[in-house]
Every structure is written in C-alpha cells, then in structure tokens.
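The structure appears right after this line, and notes come after that.
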Amino acid sequence: MSAEPQASRVRVAPDSDVELARSKKPRLASDTTAEKVQDYTSPQTRPKSELQSKKSKRKSKNKKFALPEACSPEDVLWHEIKSVLGPSVVGKAIEEGVEYESPFSFHEEVEVVVKSLSPSGDAVAVAVEERFSSTPWAIIVPLALPGEVVRVKVYRNARMHSVADLVTVVTPNLDLRDDSRVQCRYFGRCAGCQYQMLSYDSQLTFKRDVIIKAYKNFSGLPESSVPTILPTIGSPLQYGYRTKITPHFEAAPKSLLRKKQAEKTDKDEVTEQPDWLKIGFNIVGKRQVLDIEECPIATPVINQALTSERANIIRKAYTYKRGVSLILRDSLDPTISLPPETVSSDSSQVETYLSEALDKHVCITSHTAKIRENVGGFLFEYPASSFFQNNNSVLIPLTEYVKEAIFPSGSEKHRPTHLVDTYCGSGLFAITLSPYFETISGIELSTDSIRSAQHNVSLNKSLRAIPAFNNLVLSPSATVSTLPTVSEPNISFRSGTASDIFSSVSSFPRHETVIVIDPPRKGCDEEFIRQVVKFRPAVLVYVSCNVHTQARDIGMLLKMVDEVENNDSGDGELKEKRGRYALESLRGFDLFPQTGHVESVAVLRLV
Ligand SMILES: C[S@@+](CC[C@H](N)C(=O)[O-])C[C@H]1O[C@@H](n2cnc3c(N)ncnc32)[C@H](O)[C@@H]1O
C-alpha cells in the first residue's frame, strides 16, 4: 500500500496489512548483530568478500552505504539481483569495490531485457546495449514481465542495481501479457495491483516461484529437506475481494489554510475538489498520493462508501490541519444484534432474522467501531483497527486446508486433541478448528484482539445453540465431514508474547498437540522457536504472510532440532531428544490477487 523512494522500491497492494516494511532500518556494514542473525539463517551467509572490499580506498567510501537487514525486502531483492547477474560476477564486482558504480546516470533512458520477477513483483532486467555488457548491473522496473524488452528511465542507483520507471514496452511477452485483462483505471499509476496484465494462472505460478526462491535463499535447508512446493491455491474472488482499504490524503498547504482563515469563507462547504487534494493511494515509486475514486479489488460496499467518504472530505477540505488515513472495512451489519436478544418460537422468523444478519454487508469507517465477519459459519467480531485477514473469500479454503493438514485421512489413530494457536489475533484458527479439539489455548500480543477472541468463543457458542443458525451456516460439505467433533472444547486465550504460552501448556500431551504459528511479517523470535523445539509437538502448521521470514524460521527450527538430536547442543534446556520433524508440505495461498503477495502454509510433522 505504499511506494518507497529508497532501496528496492516496493510496490504493494493499497493499504495492505501485508505491507512490506515502510520504515527501513538499514543495517550498516559494521552491524554485527544483524550479521549474527544472517549466520544462523542463511546458508549463503554473505561471504566475507561481499563485506570487505580489497581496495581500502573504495572500502572506506562504501562504508557509508547501508547493507540491507537480513530477510528485509532489500535483502530479498539483493538475492534476486545476485541470481540474475550471477553470484561469481557479483562477487568479482564486490571484490573490486565497484558494486556501487552504476553505468547509468540520473534520468538516463535505456533499453533493457527483463530476466525475472522479484518477489515483490518488480521486474529485474539488464541493459540490452553492447556498451553496457562489461558492467554487470541490474535494473529494477515495475510493470514489466520476463522476456520483455522495455525502455526505462533510471531514477536511483544502488548496490549493483538501478531503480527505474517504465517508459514503454518495446517488445511485449505476449505469452504472459494481455493488457485487456486490466480492470483498474489507475493501473500503472497506483502503487498496488501490478499483476493485472497477467492471467490468474500465471499470477499463481509466479507466487509459487517466490516460495521456491525463499526456501532456496533463506531457509539454509538442503534441497532434499524441502518438499516440492505445491501449486498455489487461488482466491475464489480475484477482484472485489478486499475487505479493508485505508486511503489517505494530505492537508492543504499551510499558506492556503492561512489564506482561507483570513478570508473567513465558510471552509466547511467546499463544493469542488481542490487541485491539491488527492485522496487515495501512493503513486508508484513516489510518496505522492494518487486520487482514487474506486478500487476494483475492494468489495462493492467499500467502493460505495468511498464515494460518500470522499464527498465529505472534499466538503471539509480546509478543516484538516494534517494528513489523515481513512479506514473503510466491509462488515456484516453489526447493528443487528447477535445472538438475537429474544429467540422467537417461530423458527421461520428466527431464520429470517439470522439470514439478514449473515447477508447484509455495510462499510464501517470508524477505527473504533465493531466489524463482524462470517468465516464458514463462524462469526468473528473485532474492532475496525484490529488485525483480521483482508480477503474473506479465501478464508474457508485456508482454514479447511489447515484442518486437513492437521487431520490427514488415514491418521485417525493418532488424532491430535490439543491445539495451541500462537499469534492468534481474534481467534481465526482456534475458533474455526474448535469443533475438532478437546483443549485449545491461544496467545496474542494485542489485548484488544484477545478480548475479541474471548468474545468470539462465547458468541459462536450462543449461536450454535440456535438450531436455525446451524441450519443456515452448516454447508453440505461440513455435514459430510468424517471428523468426529467435540461438543464442548475447553478454549482459553491469553495476551502476551508468543513464547509465553509454553508455561501454560506444559501439561498438554505433546504427541497429541498441534501448534499453529501465524506471526506478523517479521516472523518469530528466536526464543519462540527455542520453546517450540523444547516442547516439540506432533504437528506444526506455520502460516505466513512473509515466506522469507517463514523460510528463515523453519530453517532455524530444523537446525535447532538437529543440534539437540545430534546431542551437540550446548544449551542445557534443549537436551532431551524428542524426535525430528519432516517439512511435509509447502503451499502458497493467494490472499491478494493482482499483487505480488503470497501467503505460505508450511506443515511440519514429527517423524
Ligand atoms: C498475521 S496476524 C495473524 C492473526 C490471526 N492468526 C489471524 O489469522 O487472524 C499476526 C498477529 O500476531 C500478533 N503479534 C505480533 N507480535 C506478536 C508476538 N510477539 N507474540 C504474539 N502475538 C504477536 C499481532 O498482533 C497479529 O494479531
């Protein structure tokens, strides 16, 4: 949801919760802490040659450049650049201290051929002209596709790459590109949804490639330990799916505000949108806002509300002293009381009431208001400012997939009975999986989300007690489920950092316990991984919106397990041999069609 002007411009879906870090904390070459993390996480730990230039003159010059933080978007891009240019070529350039010596000047136009798509969705290209062939250099450009020759305009130079704007597509790759697929009138200018010219199948294939590369570059695992990445599961809705957007706008320039004050005009009643007022998302590659009247990936109620929200803002354009970030969230109508305050004995009346509660969508625009969502017959309520997945249409496939991964057919004998939902938010996995577990414990940092999770348990319990509700929500597939359900699971949630959960689940039988891990983009901390290794449950399901940190964490976890099992751990806490994990499956889920993002689900089973 933003465009970044510095290192590896990252263009993401408008206002995404999966937004890549906005504030980049670049790591200085001398930052040893970050290097330590890299040691643990990557087999391709930066060779010394990359960090130390032979030529001391250049070395001191280069010291002022920051190296990217391990696993950051810039680091991910760096791996892509190395792969396109070739590791030995890059190594040589670093050795010679020329890795910052761009052959291109500011605003130079150049023709390039696209070699690959980076995990953020930008093209990684190299110059076509012969005169550049002796300088290995990559050009990062949005909206171009592998195999295409494009003309670009360089606007920034960085380590062995330049970042450029797309000027024109000279030779399109017609196997991939069909511009008639584009459904958004802001395509090419808005920083989001850069994949619209691709078929949906191609989008899913590129997303699978991101997972393949992430495990190659960031897990530190031998190829033999990484299963074949399964095809990405698509989103049932590919437009009109997004249940939350947060467009923003800047306040009027101060001089203009003063002028309006001096004029004493009625500043609350502006009739025409002033030129300076842009309400929307960032322009690709810039910090400027692009005025957006509609967002085709957002749900219909959000688009309707966007029109009225914009009109209100325009009317009050000179009352804002600073910029504002709006929130528009799709919700079932939360003013319809649930559970109903009284349940009539006339079941058809109850059913009519409940169907309206389950069908009527509204758009919520207050950060503190309540949102209500239905995921496969489970209702979730949470404050508009809290985290919840932003594509409701894919949540049934996602939660069903997690369920099936935990209970594969044929494994009825060793059926897990205990679930630990870490980074649980308002209880998505704990509650959708609750019919199948005897005991569930969830943990989450946000106290608001924990309150929601607790409330959602009782809300669903009350609703399930209403036969008319069950008739409405139980899908035919749910009724033929062969899994026995538990009538009264014991569910508890606590707020805290994820690693704190282990003190309260020590009585869980580990061979019958599953841990679901669904951290934010930065992934898990080492202490959490250590606690998982110490506990060693039968099954781990790691759901992630950042496959690079997921790969890093799973690599770290498997390495720690190996150390314990090989009895060479110096850590007193981790001495007990409890068995190794197989990384059983890896698969992407497309929560953000038309963008480069992919959610990844990893399943690990104790062998
Ligand atoms: C990607 S969300 C997943 C939430 C939930 N599983 C869902 O799907 O709705 C990650 C959650 O982790 C929480 N979180 C962040 N850091 C945490 C930590 N150190 N310990 C526990 N929870 C944390 C965030 O508040 C957020 O709700």
Side-chain angles (χ1 to χ4, degrees), residues 12-13 15-21 235 243-244 329-331 371-376 378-403 405-406 419-434 440-457 460 491-505 514-532 540-550 553 588-589 591-592 597-602:
V12 293
D15 120 87
S16 164
D17 279 320
V18 295
E19 181 185 26
L20 304 175
S235 166
T243 50
K244 176 187 162 199
R329 259 193 130 138
D330 189 312
S331 172
I371 307 293
R372 182 183 290 159
E373 273 194 56
N374 175 6
V375 180
F378 292 96
L379 292 202
F380 292 86
E381 292 184 345
Y382 54 90
S385 57
S386 288
F387 177 88
F388 203 78
Q389 308 288 357
N390 287 335
N391 177 352
N392 182 278
S393 78
V394 77
L395 293 184
I396 297 179
L398 176 65
T399 50
E400 279 287 308
Y401 181 81
V402 171
K403 181 185 100 187
I406 295 170
L419 171 68
V420 184
D421 184 7
T422 58
Y423 308 87
C424 67
S426 46
L428 178 68
F429 291 107
I431 291 172
T432 52
L433 292 168
S434 61
I440 298 172
S441 183
I443 189 157
E444 154 69 47
L445 209 50
S446 154
T447 46
D448 272 353
S449 292
I450 283 298
R451 264 194 292 275
S452 303
Q454 284 159 342
H455 162 80
N456 291 332
V457 170
N460 283 288
I491 311 180
S492 61
F493 293 101
R494 59 179 280 195
S495 61
T497 193
S499 53
D500 290 348
I501 194 71
F502 293 93
S503 58
S504 48
V505 299
V514 176
I515 300 185
V516 170
I517 306 169
D518 183 14
R521 292 196 68 79
K522 68 177 181 195
C524 306
D525 59 42
E526 201 173 316
E527 179 54 23
F528 175 77
I529 305 274
R530 185 179 298 282
Q531 293 298 327
V532 173
L540 289 166
V541 182
Y542 189 144
V543 180
S544 173
C545 55
N546 181 348
V547 64
H548 305 98
T549 50
Q550 183 195 56
D553 291 348
F589 271 78
L591 268 67
F592 296 95
H597 292 293
V598 62
E599 193 90 2
S600 164
V601 182

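What you see below is based on every heavy atom in this structure, not just the backbone, and it leaves out hydrogens, waters and symmetry mates. Read the numbers this way: they start at 1 and go in the same order the structure lists the ligands and their atoms.
The ring pair (Phe, Tyr, Trp, His ring centres under 6.0 Å) check on Y401 picks up F589, with sequence neighbours excluded. Not a single ring pair (Phe, Tyr, Trp, His ring centres under 6.0 Å) links Y542 to another residue, sequence neighbours left out. Considering only residues two or more places apart in sequence or on other chains, S600 meets the side chain to side chain donor-acceptor pair (under 3.5 Å) condition with Q550.
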Close N/O pairs between ligand 1 and protein, under 3.5 Å:
unit_1, atom_1, unit_2, atom_2, d
ligand 1, 6 (N), Y423, O, 2.9
ligand 1, 6 (N), D518, OD2, 2.8
ligand 1, 8 (O), Q389, NE2, 2.8
ligand 1, 8 (O), D518, OD2, 3.0
ligand 1, 19 (N), T497, OG1, 3.0
ligand 1, 20 (N), A498, N, 2.9
ligand 1, 22 (N), L445, N, 3.1
ligand 1, 25 (O), E444, OE2, 2.5
ligand 1, 27 (O), E444, OE1, 2.7
ligand 1, 27 (O), E444, OE2, 3.2

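Judged by distance alone, the side chains of S495 and T447 never bring a donor and an acceptor atom under 3.5 Å apart.
Residues F387 and S446 are not in side-chain contact: their nearest non-hydrogen atoms beyond the backbone lie 4.5 Å or more apart. Using a 4.5 Å heavy-atom cutoff, the side chains of Q531 and E527 are in contact.
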